[in-house]
Amino acid sequence: MTPPDPDLLSAAQSASAWPFEEAKKLVARIAASGKREVLFETGYGPSGLPHIGTFGEVARTTMVRNAFRVLTEDKIPTRLVAFSDDMDGLRKVPDNVPNKELLAANLNKPLTAVPDPFGTHSSFGAHNNARLRAFLDSFGFEYEFMSATECYRAGRFDATLRLMLERYDDVMGIMLPSLRAERSATYSPFLPLHPKTGHVMQVPIDEVRREAATLVWRDPETGERFETSVLGGGAKLQWKPDWAMRWVALGVDYEMAGKDLIDSVKLSSEIARALGAAPPDGFNYELFLDEKGQKISKSKGNGLTIEDWLTYGTPESLSLFMYNKPREAKRLFFDVIPRQVDDYLTFLEKYPAQDSKLRLGNPVWHIHAGAPPAPELVQGAGERAATISFAMLLNLVAVANTEEPSVLWGFIRRYAPGASPQTHPVLDRLVTHALAYYRDFVRPAKAYRAPSEAERAALAELSEALAPFAGSTDAEALQAAVYEVGRSHFPDTSGKAKSPDGRPGVSQAWFSAIYQVLLGEARGPRFGSFVALYGVAETRALIAKALAGELLAEHQAFVATRAAA
RNA sequence: GAGCGCGUAGCUCAGCUGGUAGAGCAACGGACUUUUAAUCUGUAGGUCCUGGGUUCGAGUCCCAGCGCGCUCACCA
């Protein structure tokens with residue numbers, strides 16, 4: 001956290017960026033309650049792997065937390081709990097795991113009682129918890145992990161569970177009207193664990209024994225009667241009462257949730273109030289939509305994964321996406337990535353010159369917890385230092401026609417002689433992303449064609465003409481050679497184009513042929529420069545492959561493989 | 001049925017606490033490159049969905065309407 005800065009502190013009081021708006025609610029809440037610390041919670045259901053929504057929730061909650069710390073001069077301690085609902089029963093076998101039979105044999109048990117199908121952890125729940133933590137750690141989030149199973153077993157929830165038993169009728173009174181008739185007939189906020197099978201039982205409760213803190217129920221299959229303690233992990237709660245109980249037991253002050261949970265938040269809040277506590281502050285963020293405007297869901301597998309995003313864009317660009325307009329539905333698809341990357345770079349570049357007020361409204365302040373790094377500038381020839389945009393890299397990589405970072409760096413150095421992967425590590429990461437983008441979006445769109453007889457002859461001659469330049473990186477000389485060949489095979493007939501020495505020019509058709517036959521593109525780079533970077537020998541090999549029909553065949557095979565995948 | 005959000009240039013969208021409409025791409029023109037990419041630069045393009053209200057002043061705030069989209073009502 002940045003050291004106290006009076007200018008920053010006063011700017012924070014009037015800051016209107018949404019994390020500050022949220023943080024101000026918390027300041028008022030603390031003033032009213034007199035609490036000495038603030039607890040933020042994010043929830044996680046470990047029946048699957050962490051996904052992009054998990055990232056968003058933690059990232060956004062962290063932004064509110066940072067704003068709160070500035071607002072209160074860091075005088076009130078804050079904690080962020082990542083809570084895993086790992087006592088939940090396994091309802092169905094996920095598609096994306098090995099050893100499905102193993103899981104199928106353990107349905108309905110708490111996730112922490114289901115063996116790990118990956119064989120690396122003590123349970124499926126523990127495995128997914130570990131994945132969550134590794135995931136959050138990889139982004140450097142500051143948080144405390146908490147397991148529902150451990151909390152229940154350790155008795156951490158016991159006092160609140162007893163309270164809920166006492167107010168059982170109030171809780172039922174809140175829940176029942178929200179349910180349909182057939183469901184409300186059998187509903188219970190408590191789910192006892194079966195003493196013999198270990199299953200999380202969703203059964204009607206025959207009797208609630210408040211003094212003993214037990215429930216009396218029957219196994220619907222065997223008819224056997226059980227009396228189960230709700231304490232120490234003998235039972236867990238249904239989701240909405242569970243959420244409410246957790247808020248009360250842990251003292252959660254802030255938790256945000258998706259729009260799909262609006263009604264749940266409402267009910268859980270009522271339950272929390274019935275337990276005599278104030279439900280946490282927070283807000284409902286909008287859901288992400290896929291390219292067709294549908295809700296992104298884990299089960300459907302539509303939309304983007306975190307891995308997808310990080311293939312083409314930086315973590316910071318993903319954070320920016322999460323920062324922007326959390327209350328509006330946004331399309332989350334590949335094509336939004338380049339813009340987020342560039343917007344981030346632009347905000348970062350502006351930051352140093354901004355005053356405190358503007359800084360607090362700058363997304364990079366929130367993304368980097370008040371301490372954004374210096375922008376990585378590049379000094380172009382005769383130009384002022386600036387950030388190289390991702391859009392420019394994407395253009396460059398398309399014309400460079402390469403999956404090699406070194407070739408792309410060659411093009412970059414033409415623009416900015418001083419730059420290298422060593423001096424510009426951030427830019428080097430962007431290069432990697434741009435290459436991935438080329439590989440997956442640009443290359444598949446290429447359209448090679450076979451050369452005509454005339455083009456074939458010209459290309460063969462070009463290859464010969466280049467031979468004496470082996471090893472040369474003289475772009476001008478190479479370009480002259482390209483023109484020389486073109487002049488004899490594809491002279492300009494319009495009379496418009498002229499060479500510097502007044503000789504006839506070269507037809508556009510020559511260049512078009514080069515790009516379409518050799519690069520599979522309608523347009524391309526200045527060819528002499530391309531050869532200089534790509535290499536004379538490599539270019540001659542490229543021509544040979546084109547004349548042998550291999551480029552066309554390879555690309556068709558590439559496209560076919562892709563279509564099959 | 002209930003809730004949430006959106007409607008601004010051809011497209012995608014910015015417009016923070018009300019003060020003369022902005023960006024990127026696309027289009028068209030120019031510079032540079034021997035005529036292709038990049039880069040630089042110029043031009044054009046908008047009843048800010050409609051109708052009221054508050055105000056000296058509304059894209060922005062309030063109300064109503066129209067249109068579009070999403071979510072929830074079994075489980076989490």
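A note on names: the letters A, B, ... follow the listed sequences, proteins ahead of strands, and every chain is numbered from 1.
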For nucleotides B/G67 and B/G10, find the distance between their P atoms and express it as a whole number of Å.
-> 23 Å
Comparing A/Y187 and A/R327 on RNA chain B - which has the more 5′ nearest nucleotide = A/R327
Is a side-chain donor-acceptor pair under 3.5 Å present for A/T112 with A/D86?
-> no
Considering non-hydrogen atoms only, spot the tightest contact between A/P110 and A/G198 and give its length.
-> CD-O, 3.3 Å
Against the side chain of A/D263, the closest entry in B/C75, B/C72, B/C70 is B/C72
Could you state the CH2-P distance from A/W243 to B/C75, rounded to the nearest angstrom?
-> 15 Å
Going by 5.5 Å between centroids and 30° between planes, is there a stack of A/Y483 over B/U34?
-> yes
Think A/R91 has a side-chain N or O under 4.0 angstrom from the OP1 or OP2 of B/A76?
-> yes
Gap in Å between the two P atoms, one belonging to B/G45 and one to B/G53, rounded = 32 Å
Rounded to the nearest angstrom, tell me the gap between atom NZ in A/K266 and atom C1' in B/C4.
-> 10 Å
With both distances kept under 3.5 Å, what pairs with B/A2, Watson-Crick or G-U wobble?
-> B/U71
OP1 or OP2 of B/A73 under 4.0 Å from side-chain N/O of A/R183 = no
What interatomic distance, in whole Å, is found between P of B/A23 and the corresponding atom of B/G15?
-> 15 Å
B/G51 and B/A37: how far apart are their P atoms, nearest whole angstrom?
-> 46 Å
Nucleotide opposite B/C13 in a Watson-Crick or G-U pair, distances under 3.5 Å | B/G22
Nearest-Å distance, CD1 (A/I262) to P (B/C70)?
-> 16 Å
When the P atoms of B/G59 and B/C49 are considered, how many whole Å apart are they?
-> 10 Å
Of A/E286 and A/K240, whose closest RNA chain B nucleotide lies nearer the 5' terminus?
-> A/E286
SB check A/E22 A/R60 (cutoff 4.0 Å) = no
In whole angstroms, how far is the P atom of B/C72 from the CG atom of A/L261?
-> 9 Å
In whole angstrom, give me the gap between the P atoms of B/C25 and B/A38.
-> 11 Å
Is the closest basic N to carboxylate O distance between A/R327 and A/E286 below 4.0 Å?
-> no
Excluding sequence neighbours, so at least two apart, what forms salt bridge (Lys or Arg N to Asp or Glu O under 4.0 Å) with A/D428?
-> none
Tell me, please, which residues at least two apart from A/P50 pass side chain to side chain contact (heavy atoms under 4.5 Å, CB included).
-> A/Y44, A/T54, A/R131, A/L132, A/F135
When all nucleic acid strands are considered with a 4.0 Å heavy-atom cut-off, which category describes A/D342: base, sugar-phosphate, or nothing?
-> nothing
Of B/U71, B/C75, B/A76, the nucleotide closest to the side chain of A/K259 is B/U71
Report the distance from atom CG of A/L267 to atom C1' of B/C74, rounded to the nearest whole Å.
-> 14 Å
Between A/D242 and A/Y152, does any side-chain donor sit less than 3.5 Å from a side-chain acceptor?
-> yes
Any-strand Watson-Crick or G-U partner of B/U43, both distances under 3.5 Å = B/A27
Could you measure between the two C1' atoms, the one in B/C32 and the one in B/G69, and give it in whole Å?
-> 47 Å
Residues A/R449, A/E455: salt bridge by 4.0 Å N-O rule | yes
Could you state the CZ-P distance from A/F288 to B/U71, rounded to the nearest angstrom?
-> 14 Å
When you compare B/A9 with B/C62, how far apart are their P atoms, in angstrom units rounded to a whole number?
-> 22 Å
Distance, rounded to the nearest Å, where A/L176 contributes CG and B/C74 contributes P | 13 Å
Just to confirm, is there a sub-4.0 Å distance from OP1 or OP2 of B/C75 to any side-chain nitrogen or oxygen of A/Q202?
-> no
Would you list the protein and nucleotides 13-17 of chain B atom pairs, both N or O, that sit under 3.5 Å from each other?
{"unit_1": "B/C13", "atom_1": "O2'", "unit_2": "A/R339", "atom_2": "NH2", "d": "3.1"}
{"unit_1": "B/A14", "atom_1": "OP1", "unit_2": "A/K325", "atom_2": "NZ", "d": "3.4"}
{"unit_1": "B/G15", "atom_1": "OP2", "unit_2": "A/K325", "atom_2": "NZ", "d": "3.3"}
{"unit_1": "B/C16", "atom_1": "O2'", "unit_2": "A/S16", "atom_2": "OG", "d": "2.3"}
{"unit_1": "B/U17", "atom_1": "O4", "unit_2": "A/K357", "atom_2": "NZ", "d": "3.3"}

Classify the side-chain pair A/S317/A/W309 by whether it contains a donor and acceptor separated by less than 3.5 Å.
-> yes
Strand partner of B/U50, provided both Watson-Crick or wobble distances fall under 3.5 Å = B/A64
Just how far, in rounded Å, is P of B/A37 from OH of A/Y438?
-> 18 Å
